[in-house]
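Worksheet: the structure to be examined is printed underneath.
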Amino acid sequence: MSYDASARQERGTVAAHASDRTFWGRLASWAPYRALVQVATASPRRQFVILAVFPILWVLTQHLGPMLQMLRVSLTDAYPVAANVEQHFTFDNYLRFFGDSIFWMPFFRTLIFAAAFTFCTLVLTYPVAYFLARHVSPKNRMLLLLLLLIPFWVGEIVRTYAIMILLGNTGAVNMVLRWFGFIDRPIPFMYTSFSMGVGIVYLTALYMLLPLYSALEKLPKSLNEAAADLGAGAWTRFRRVTLPLTLEGISSGCTLVFLISTGFYATPVLLGGPSTTVFAETIAGFFHVAGDEWPTGAAFAVIMFLAALAITAGFQRLMSALRKGDTK
């Protein structure tokens with residue numbers, strides 16, 4: 001036993017000397033570094049600040065900062081400002097939206113499309129999430145989730161072109177329909193609300209699937225088994241047990257998909273047609289011309305952002321009321 005103990009001690013000493021030869025080993029044994037770590041982690045509040053400072057800086061600089069800059073630009077009469085020209089702040093850019101009804105149609109069309117596509121995404125992905133969470137063994141769930149995640153490793157433009165290949169006149173969908181004899185000539189799927197909807201639903205499905213899967217996975221199976229023992233059928237169990245207890249996942253998924261859908265630009269341009277022009281295309285049009293139109297585009301972007309947030313806030317309050325009603 002004494003020989004084994006001495007051998008272990010010797011190996012520990014060798015490992016300690018090996019770690020001391022590395023950079024991190026020398027840094028950990030440096031007295032000023034150890035004193036700094038002890039001071040920084042002396043209390044839970046300091047530990048929280050250290051962990052939160054980088055995410056907060058990221059949000060402020062990469063998310064909130066550009067939005068505030070867009071707000072500032074929307075209140076100016078010209079941007080970028082020419083040399084020796086004084087910049088003036090004005091609300092005319094916002095009044096232009098409310099004073100010209102030509103901009104209202106793409107604005108409301110965007111909100112309606114986003115709501116409709118969010119509902120379609122929910123209906124299509126809920127069964128998939130339910131199957132993964134309730135009927136797939138735990139050892140195979142990660143594999144199937146990985147297979148679902150693989151297409152999302154590719155950029156938005158590439159996936160949009162994949163939809164164009166599928167729905168084109170010589171695409172896979174028309175070829176299969178003609179091969180089975182359902183059609184004699186290609187169906188013009190492209191450049192319609194249908195093709196744009198397919199593309200947006202495909203691009204946003206993951207943002208709906210993951211919250212739903214998380215909510216369904218945490219749902220105890222014993223609740224459905226108890227409801228079945230009490231005589232509840234499959235539809236009743238879903239309506240009275242599964243659906244109310246997954247409202248939080250539905251709320252999170254719908255919020256993500258709706259907000260993302262209101263900001264899509266490339267997909268509507270590539271898959272949509274003249275009758276499906278969305279507000280993002282209108283906003284982009286102002287940034288494609290001279291600089292004096294940039295403030296108008298920024299103002300329209302702020303209006304779209306605030307409208308989407310207001311609708312999302314109302315939806316969240318509705319879902320919160322439904323969850324509270326189910327718990328009473």
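- Between Y79 and E293, every side-chain heavy-atom pair lies at or beyond the 4.5 Å cut-off.
- Sequence neighbours left out, the pairs with a member in residues 110-127 that pass side chain to side chain donor-acceptor pair (under 3.5 Å) are Y126-T246.
- Formation of a donor-acceptor pair under 3.5 Å by the D77 side chain with backbone atoms of F89 is not found in this model.
- Atom OH of Y207 is surrounded by 12 or fewer heavy atoms from other residues, nucleotides or ligands within 6.0 Å.
- Note on ring orientation: taking the six-membered ring where Trp is involved, the planes of F103 and F300 are perpendicular (angle over 60°, cut-offs 30° and 60°).
- Under a 3.5 Å cut-off, the side chain of N174 and the backbone N or O of I187 do form a donor-acceptor pair.
- Among pairs with a residue in residues 178-204, none fulfils side chain to side chain donor-acceptor pair (under 3.5 Å), at least two apart in sequence or across chains.
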Open item on the list: L122 vs M208, test: side-chain contact (heavy atoms from CB on, under 4.5 Å). Steps then yes/no.
Closed with: CA-CA 7 Å; L122 173 63; M208 182 72 75; 3.9 Å; yes

TODO: Quick one: do I163 and L271 satisfy side-chain contact (heavy atoms from CB on, under 4.5 Å)? Show the steps, please.
DONE: CA-CA 8 Å; I163 297 296; L271 296 178; 4.0 Å; yes

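- Taking the six-membered ring where the residue is Trp, F97 and F107 present perpendicular rings, their angle passing 60° and hence far from 30°.
- Criterion: ILVMFWY side-chain heavy atoms under 4.5 Å apart, direct or through other members. Under it, M196 and V269 are not part of a common hydrophobic cluster.
- Between L111 and F258, some side-chain heavy-atom pair lies under the 4.5 Å cut-off.
- Rounding to the nearest 0.5 angstrom, the gap separating the SG atom in C254 from the CZ atom in F315 is 4.0 Å.
- Shown here for A129 and L216, the closest heavy-atom pair between the two residues is C-CD1, 3.6 Å.
- Taking the charged nitrogens against the carboxylate oxygens, R134 and E217 have no contact shorter than 4.0 Å, which rules out a salt bridge.
- For residues 215-236, the ring pair (Phe, Tyr, Trp, His ring centres under 6.0 Å) pairs, not counting sequence neighbours, are W235-F238.
- With hydrogens and angles disregarded, no donor-acceptor distance shorter than 3.5 Å links the side chain of R237 to the backbone of A228.
- Classification of the F117-F113 ring pair by plane angle, with boundaries at 30° and 60°, yields parallel.
- Using modelled atom types, one side-chain atom of S74 and one backbone atom of L71 make a donor-acceptor pair closer than 3.5 Å.
- Ring geometry for F194 versus F189: interplanar angle of 30 to 60°, hence tilted.
- When hydrophobic clusters are built by joining Ile, Leu, Val, Met, Phe, Trp and Tyr residues whose side-chain heavy atoms come closer than 4.5 Å, directly or via intermediates, V123 is not grouped with L247.
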Task: T90 and L75: CA distance, side-chain angles, deciding distance, side-chain contact (heavy atoms from CB on, under 4.5 Å) verdict - done: CA-CA 5 Å; T90 178; L75 296 172; over 6 Å; no

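- We find that E248 and K218 are not joined by a salt bridge, their nearest charged nitrogen and carboxylate oxygen being 4.0 Å or further apart.
- In this structure, L145 shares a hydrophobic cluster with V128, F131, L132, V136, M142, L144, L146, L147, L148, L149, I150, F152, W153, L206, L209, L210, Y213, the cluster being traced through Ile, Leu, Val, Met, Phe, Trp and Tyr side chains under 4.5 angstrom apart.
- To the nearest 0.5 Å, atoms OG (S214) and CG (L219) are separated by 11.5 Å.
- Atom CD of Q62 and atom CE of M67 lie 13.5 Å apart (nearest 0.5 Å).
- A single hydrophobic cluster is seen to contain both F91 and L306, as judged by linkage of ILVMFWY side chains at heavy-atom distances under 4.5 Å, directly or through other members.
- Annotation: side chain of I250 is in contact with side chain of L212 (closest heavy-atom distance under 4.5 Å).
- Linking Ile, Leu, Val, Met, Phe, Trp and Tyr residues whenever their side-chain heavy atoms come within less than 4.5 Å leaves I165 and I157 in two separate clusters.
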- [ ] Could you walk me through whether E281 and R109 pass the salt bridge (Lys or Arg N to Asp or Glu O under 4.0 Å) test, one step at a time?
- [x] CA-CA 12 Å; E281 298 178 59; R109 182 189 292 127; over 6 Å; no

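- Residue L68 is found in a hydrophobic cluster whose other members, listed by chain and number, are I56, L60, L64; membership requires side-chain heavy atoms under 4.5 Å apart, directly or through intermediates.
- For residues 254-268, the side chain to side chain donor-acceptor pair (under 3.5 Å) pairs, not counting sequence neighbours, are E156-T267, T160-T267, T255-Q316.
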Open item on the list: Using side-chain contact (heavy atoms from CB on, under 4.5 Å), reason through I303 and F98 one step at a time and then give a plain yes or no.
Closed with: CA-CA 10 Å; I303 291 172; F98 296 103; 4.3 Å; yes

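- The cluster map of Ile, Leu, Val, Met, Phe, Trp and Tyr, joined by side-chain heavy atoms under 4.5 Å apart, puts V198 and I183 in the same cluster.
- Sparse packing is recorded around CZ of R240, with 12 or fewer heavy atoms of other residues, nucleotides or ligands lying under 6.0 Å away.
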